[in-house]
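Remember, predicted model here, so these are calculated numbers, not experimental data. Here is the naming used below: chain letters follow the sequence lines, and residue numbers restart at 1 for every chain.
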Amino acid sequence: MTTVVFTEKNKAAAQISTILSGGSAKRSIVDGVSVYEFQRDGSLWKIMGLAGHIMGYDYPEEFSNWRDVDPAALLDTDPVKKINKASFGSAILKISKGADLLVLACDFDREGENIGFEAKSIAEKVCNSTVKRARFSSLSKSEIEKAFNELVEPDENMAMSAEARQILDLKMGASFTRFVTLSVRERARTKGVLSIGPCQTPTCGFVYERELAIRKFDSRDFWKIEGVFTGKGADITGVHRGGHIYDKEKADVIFKKLKGCKTAVISKKTVKEMNTNPPFPLNTNEFLKRASKFLDVSPDKALEIAEQLYLSGFTSYPRTETNMYADDMDFASILKGFTKGDYQDFALLLLSQKAIVPRNGKKDGHDHPPIHPIKAGSRMEIERAVKMPRAWDVYDLIVRHFIANLLPPAIFEKTRFEITMEGELFDSTGSIQKNAGWLAVYPFEKPQDKILPELDLNEILAVKKITNIKSQTTPPKRLTEAELLTLMDKHGIGTKATAPSHIETNKKRGYFEVKGKTIAILDTGFTLMDALNSSVPILVKPDIRSSIESLIQDVEDGNKKFELALEEGTSLIKEMYSQLLSNRDLMVTRIAGTITDEAVEADKKNHVGKCSECERVLRIVSTDKGRFVGCTGYPQCKNTFPLPKTGALAVQRSRTCKKGGAAVLKVGSKYFWAVGIGPCFSCDMEKECYPPEIVGACPACDGQTFLITTKDSRFLGCTKRCGHTQSVPKNGRLTITDKVCEGCGWRLLRVKEQGKDAKEYCANRKCEVAAQMRSSYRKK
DNA sequence: GCAAGGTC
């Protein structure tokens, strides 16, 4: 009798083998894959760990050429399933030959069921055995033994629901991505692919919605009345209970009434002790959010580091939905590892207690325990094991979070004064940390103490100052990665293992970027979302995922046949496709325009600025016939400006034209040119934009001489334009030094010609010292 | 070259 078991990953195979064999299992390698063999109940057992999905869907070969296939045809074609990890395929065939019993023992969820069926479909080519399912929510001894003693039937509906998801996701993703990419390419050169997907698109949609809210935001003025009061020699600030007062007159009335008041009274005083509970244990999503928020480590990197920490045995499995510990979780033996080093005080404290009780959350994904440390490691050990920047910080966060969760709440004393003045109420609150509790080990969240003076009820206060401050409401802030993850989680976009990858996809596609901690949408992303939003609004919202999800849930529950779900899902996608198709022209024009504009903006050399006539951008256009500044909106927008015919052009990003020119260009090394206005030396604003480089007092009037540089000459002129000019050397680099002529007080000029020594001299023709210098120079 | 889902 031979029993063959498939698990989702090698780790589980090893663990289960140890439990079921009592430690006697022997590992062998079949086609590079580990297989654990042992005898149990008179049967030969072979347990093999897969690597997640080993099969995947793709379109048949003849559909792989984008140009030859109408993207719509993909909707009427069923993709085919293929083994994409060949070594697993052949290993399964080898170990399954002649098996009497197949046990599917993958993770207890939809994808796990499906992965088990992948192995089953391969194994059944070489054996005709009974197939059973082992269901367990953790790899603990008791649970594994129970699962294998009470094998159940595999759940085909559950497996097929994942199958439907795969097919529908691919159909939609492939057809929409090809359609949008190819359509836009007719008008603009895209950098890569413009992809659309049931997870990535709504993820970008969240960022887009926030951007819309920011752009649409209308700032409102409000007034806030604040008072500074003095009691027992200390100052205390109170805010008028009206808070933000949007009506100026109303604020004025209150302010007028209070102005000049000398005293106020404490009309109420409350002191309350408040507890702040420790955080729930870490599931993947919470871990990623905290890594981003506290450590500034991106979700993508954080998951990768956690994976490495897990593989090197320092922390537990990082992909879990569960935020509560099992009853038999052994905290003490983990804490024993931490009785030396950074966390020793907390570990010792906890170990000295009679019981160690976590503050559990309520999510049980029946998968893995919350992320927690497995063994203690020093910074050096962690850095040696995980060669990634920030590995230690991530480990430290996991350890601190683990300990914090076990510690008592932090206790604060919150004091609130109500201050009455002329019948108007002011509030002043403060809080003092009485007991740090879990916060002591968790430096990431430090509430700041605000200490109020010890004042009594009915105490009379002197009014030090009353202010009526005008302020403005501020637009919503951009999303942080942590907030985006929260939104995705809330709307069921992606899973614990894939959420970071959807964010990464959007970055890779150039739809949004992460700037510091916030996510900024890029023009391509915004325009794409905007176009989709106006043609297929469901795509930009989480609804697309949930409508597919409810279809496949019906399959899982046995309420809908797999084929019917596929059919309904496909027609849903077709409906969206036709909406997209009917808006094709508008969409393409807008996206292609934006892509062109983004490319122009990225072309630092030729990008001039925003077009004053339309929404597009101005750039330097060079043709055989000459050059000019033109708009990317041409031919709809005919906004153009002439440029000087010769001389290298350089856009001066740091300068702005005070007359409203689109940009200031530097022409060669000679002069500036304001786009739309012309050469700066002919502009009456020149002095403001480029303050004259004063050389000295004008010999002809009470003005000052300064250096004028034009296209083809340079000379000294007068700030009062009295007509006095003086020539300066034509060749060489000319600078005005800080040295001053003893004779006339003019600043000395310095001329440096290539291959010659630099020469410093006074340029004033009326200066005697200068004249002497010139004659002595000639004599030489 | 398209998706999303597993895991190494």
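- Within 4.0 Å (heavy atoms only), A:E111 reaches sugar-phosphate atoms of the nucleic acid but no base atom.
- By the ring-ring contact (aromatic ring centres under 6.0 Å, His included) test, A:H368 pairs with A:Y317, sequence neighbours left out.
- Mapping A:R319 and A:Y59 onto DNA chain B by nearest heavy atom places A:Y59 closer to the 5' end of the strand.
- Distance from the side chain of A:T177 is smallest for B:dA3 among the nucleotides B:dG1, B:dG5, B:dA3.
- Here A:S195 does not reach the OP1 or OP2 of B:dG1: none of its side-chain N or O atoms lies under 4.0 Å away.
- For A:N10 against B:dC8, a side-chain-to-base donor-acceptor contact under 3.5 Å is absent.
- Dashed line: the shortest gap from a side-chain N or O of A:H502 to OP1 or OP2 of B:dA3 is not under 4.0 Å.
- Looking at the side chain of A:A174, the nearest of the listed nucleotides B:dC2, B:dC8, B:dA4 is B:dC2.
- Among the heavy atoms of the strands lying under 4.0 Å from A:I196 are primed sugar atoms or P, OP1, OP2 only; no base atom is included.
- Counting only heavy atoms from C-beta on, A:T495 has its side chain closest to B:dG5 among B:dC8, B:dG5, B:dC2.
- Distance from the side chain of A:L311 is smallest for B:dC8 among the nucleotides B:dA4, B:dG1, B:dC8.
- Under a cut-off of 6.0 angstrom, the local environment of NZ in A:K82 is crowded, with over 12 non-hydrogen atoms contributed by other residues, nucleotides or ligands.
- Stem regions for DNA chain B, meaning three or more consecutive Watson-Crick or G-U pairs with both distances under 3.5 Å, do not exist: the list is none.
- Side chain of A:R509, nearest nucleotide from B:dG1, B:dG5, B:dC2: B:dC2.
- Ring centroids of A:F136 and A:F108 are separated by 6.0 Å or more, keeping the two rings apart.
- Under the side chain to side chain donor-acceptor pair (under 3.5 Å) criterion, A:K560 pairs with A:E568, not counting sequence neighbours.
- Counting non-hydrogen atoms under 4.0 angstrom, A:D58 reaches a base of the nucleic acid.
- Here the side chain of A:R545 is nearest to one of B:dG5, B:dT7, B:dG1, namely B:dG5.
- Note on ring orientation: taking the six-membered ring where Trp is involved, the planes of A:W45 and A:F38 are parallel (angle under 30°, cut-offs 30° and 60°).
- A salt bridge is absent between A:R379 and A:D396; no separation between the charged side-chain nitrogens and carboxylate oxygens falls under 4.0 Å.
- Listed nucleotides B:dC8, B:dC2, B:dG5 differ in distance to A:R165; the shortest reach to its side chain belongs to B:dG5.
- The distance from the CG atom of A:L194 to the OH atom of A:Y511 is 4.5 Å, given to the nearest 0.5 Å.
- In this structure, A:G112 reaches neither bases nor backbone, as no heavy-atom distance under 4.0 Å exists between it and the strands shown.
- When heavy atoms are screened at a 4.0 angstrom cut-off, A:Y57 is found touching base atoms of the nucleic acid.
- Looking at which nucleotide of DNA chain B each of A:R67 and A:Y317 is closest to, the 5′-most match is held by A:R67.
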